[in-house]
Amino acid sequence: MVFQGSSAAISHTGKVRSNNQDSGYAGSNLFVVADGMGGHAGGDVASSLAIGRLTELDQPFESPAQAEHAIRDSLADTAAELIDTVARRPELAGMGTTVSALVMVDDYAVIGHIGDSRIYLYRDDTLTQITADHTFVQRLVDSGRITPEEARYHPRRSVLMRVLGDMDPDPEIDSFIMPTQDGDRWLLCSDGLSGVVDDAHTAKTLALGMPPARTADALLKQALDGGAPDNVTVVLVDVGGQHPVFIGTPTIVGSASNPSGVVVPAARPGRSGWLHHARQVANEPTHFEPAAEFLEELIEEDRRRARRRRFGWLAALIVVLAAIGLGLFAGYTWTQTLYYVGADSDSVVIYRGIQQSIGPISLSTVYQDTNIPLNQLSDFDRQTVQATISAPSLNDAEKIVERLRPAAEGSG
């Protein structure tokens, strides 16, 4: 059965990179995002070859199981084609691509996935990430060593553990089948979107209910407003909805949209001078797949980062506690420069400190018992002393006592 719904695809180079290594496809039954890797030219070729191979799947299938089998075969064929291409064009060695593909079959979505492009489902006001990132940091998240928020800013967040490349003829593909229903919104995107726009803002945009093309434009704008350090590709698919489409010309975006085939451009020369250093660096590949021994090095580096992070927190805690301790000590020292006149059980006393306490800790001590009996004071003076009389210095406290002493002697 031909899919009934509406879709849109859009791709942008971003604000930093000089070329677009992403490719996207939105057809009648097939929807794909591919994010190329492998340098200035290789990523273009890899993502374009993937889209070219997968477009054969844009047809009605008899069953979801048949479509899933076809996706796995097509991705394996893509890997073989990448290997063959590098054999003929050695300058492309090291190229590869992520692929997130969606085939609609009746009331089911059939998914094939490898890499860190993503497929989301927005249903009943909830956005759910359907695919799992095949990245080094995702393994750290899965093992509980870092949080998802820490993963967004981890320096190794672009290290791919699985990818369609020119080294593995039998790539490990995630594939599965999910039921879908009218009103579902499926979002396929490269990490140029998901790495800049968080899920909360993505869900808010999808919730507006705009047609797919306007929604894709809005998501792209958010990525550009966030700096768009990488290529951004968005494919949005609405199931049913208010604007179902008929079979038409597929939409191809990004490097795969080049009608004359993939052209390998020369790398843009970097500008001289320290002002433009960052732009030259940005032409380096955004992803790479580590060798086994390099993975061990990354894991050890992450352990070192974790130890440094714990040490940093401990050092910060010590500094905070020391600052609090110094503050308390300075405050206590200041209180000991003050005095007040008060009473013990039966006589007038000069106290050093202030009348307050911190829990069980008193901030005053007896400095001198004047031996002036309370019962020899007038009622007014006795009540005043029992309420305490503040004195900014010892000299002032002694003057207060000297004033009370004649009154006491006179009453005696």
Check against side-chain contact (heavy atoms from CB on, under 4.5 Å), Thr215 and Asp238: CA-CA 11 Å; Thr215 302; Asp238 282 357; over 6 Å; no
Tyr108/Ser63 under side-chain contact (heavy atoms from CB on, under 4.5 Å): CA gap, chis, key distance, verdict: CA-CA 9 Å; Tyr108 293 91; Ser63 68; over 6 Å; no
Trace of the side-chain hydrogen bond (donor to acceptor under 3.5 Å, both in side chains) decision for Asn19 with Asp44: CA-CA 8 Å; Asn19 70 324; Asp44 300 351; 3.0 Å; yes
Thr205 vs Gln222, side-chain hydrogen bond (donor to acceptor under 3.5 Å, both in side chains): CA-CA, chis, key distance, verdict: CA-CA 10 Å; Thr205 302; Gln222 290 183 51; 2.5 Å; yes
Trace of the side-chain contact (heavy atoms from CB on, under 4.5 Å) decision for Leu374 with Val385: CA-CA 9 Å; Leu374 286 176; Val385 168; 4.2 Å; yes
Full working for side-chain hydrogen bond (donor to acceptor under 3.5 Å, both in side chains) between Thr131 and Ser100: CA-CA 8 Å; Thr131 55; Ser100 292; 5.0 Å; no
Audit row: Asp84, Glu81, side-chain contact (heavy atoms from CB on, under 4.5 Å) steps and yes/no: CA-CA 5 Å; Asp84 181 64; Glu81 186 172 359; 5.6 Å; no
Step-by-step side-chain hydrogen bond (donor to acceptor under 3.5 Å, both in side chains) determination, Ser190 to Ser117: CA-CA 4 Å; Ser190 64; Ser117 295; 5.6 Å; no
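When side chains are defined from C-beta on, Ile51 counts as touching Val32, because their heavy atoms get closer than 4.5 Å. Using a 4.5 Å cut-off on side-chain heavy atoms (C-beta onward), Ile10 and Val253 make no contact. By the 4.5 Å heavy-atom criterion applied to side chains, Met104 and Trp186 are counted as neighbours. Contact check for Val348 versus Leu377: side-chain heavy atoms found under the 4.5 Å cut-off. Taking the side chain as every heavy atom from C-beta outward, Val159 and Val137 never approach each other to under 4.5 Å. In this structure, Asn20 and His12 have side chains that are not in contact, with every pair of non-hydrogen atoms separated by 4.5 Å or more. Under the 4.5 Å side-chain criterion, counting only non-hydrogen atoms from C-beta, Val320 is not in contact with Ile318. Contact check for Arg185 versus Leu121: no side-chain heavy atoms found under the 4.5 Å cut-off.
Side-chain atoms of Ser362 come within 3.5 Å of backbone atoms of Ser364 as a donor-acceptor pair (strictly under, hydrogens ignored). A distance-only check finds a donor-acceptor pair linking the side chain of Thr337 to the backbone of Trp334 [under 3.5 Å]. Proximity of a side-chain donor or acceptor of Thr78 to a complementary backbone N or O of Ser74 within less than 3.5 Å is detected. Not one N or O on the side chain of Thr335 forms a donor-acceptor pair closer than 3.5 Å with the backbone of Gly353. One N or O on the side chain of His113 and one on the backbone of Gly115 form a donor-acceptor pair closer than 3.5 Å. Counting only distance, with no hydrogens or angles, the side chain of Ser357 and the backbone of Pro360 share no donor-acceptor pair below 3.5 Å. Here the side chain of Asp381 pairs no donor or acceptor atom with the backbone of Ser378 at under 3.5 angstrom.
Ion pairing between Lys221 and Asp217 fails under the 4.0 Å rule for side-chain N and carboxylate O. For Arg118 and Asp133, the salt-bridge test passes: some basic side-chain N is under 4.0 Å from an acidic carboxylate O. Ion pairing between a basic and an acidic side chain is recognised when a charged N comes within 4.0 Å of a carboxylate O; Arg162 and Asp168 show no such pairing. A salt bridge links Asp379 with Arg382: the closest approach of a Lys/Arg side-chain nitrogen to an acidic carboxylate oxygen falls below 4.0 angstrom.
Among all heavy-atom pairs drawn from Pro171 and Ile114, the shortest one is CB-CD1, 4.0 Å. The heavy-atom pair separating Asp58 from Asn29 by the smallest distance is OD1-N, 2.7 Å. Val197 approaches His201 most closely through the heavy-atom pair CG1-CB, 3.8 Å. When all heavy atoms of Thr370 and Val349 are compared, the pair lying nearest together is OG1-N, 4.4 Å. Taking both residues in full, the closest heavy atoms of Val235 and Ala26 are given as CG1-CB, 4.2 Å, listed atom of the first, atom of the second, then distance. Listed here is the closest heavy atom pair of Asp174 and Arg72: C-NH1, 4.4 Å.
A side-chain N or O of Ser347 and one of Asp344 form a donor-acceptor pair less than 3.5 Å apart. Side-chain contact annotation: Thr97 with Ser47, donor-acceptor N/O pair under 3.5 Å absent. Between the side chains of Thr98 and Asp35, no donor-acceptor pair of N or O atoms lies under 3.5 Å.
Open room surrounds CD on Glu172; 12 or fewer heavy atoms of other groups in view lie less than 6.0 Å from it. Counting non-hydrogen atoms of other residues, nucleotides and ligands closer than 6.0 Å to CG of Asp170 gives a total of 12 or fewer. Other residues, nucleotides and ligands place more than 12 heavy atoms under 6.0 Å from the CG atom of Leu321. Around CZ of Arg152, the count of heavy atoms belonging to other residues, nucleotides or ligands within 6.0 Å exceeds 12.
Rounded to the nearest 0.5 Å, atoms CD1 (Ile177) and CD (Glu68) are 4.5 Å apart. Between the CG atom of Asp230 and the NZ atom of Lys15 there is a distance of 14.5 Å, given to the nearest 0.5 Å. Going from atom CG of Asp396 over to atom CD1 of Ile350 covers 11.0 Å, rounded to the nearest 0.5 Å. Distance check, rounded to the nearest 0.5 Å: CG of Asp116 to CE of Met161 gives 12.0 Å. To the nearest 0.5 Å, atom CG of residue Asp198 and atom NZ of residue Lys204 are 11.0 Å apart. Taking OH of Tyr122 as the reference point, atom OG1 of Thr126 lies at 7.0 Å (rounded to 0.5 Å).
Ring-centre distance between Tyr340 and Tyr351: below the 6.0 Å cut-off. Annotation: Tyr25 is not in aromatic contact with Phe31 [ring centroid separation under 6.0 Å not met].
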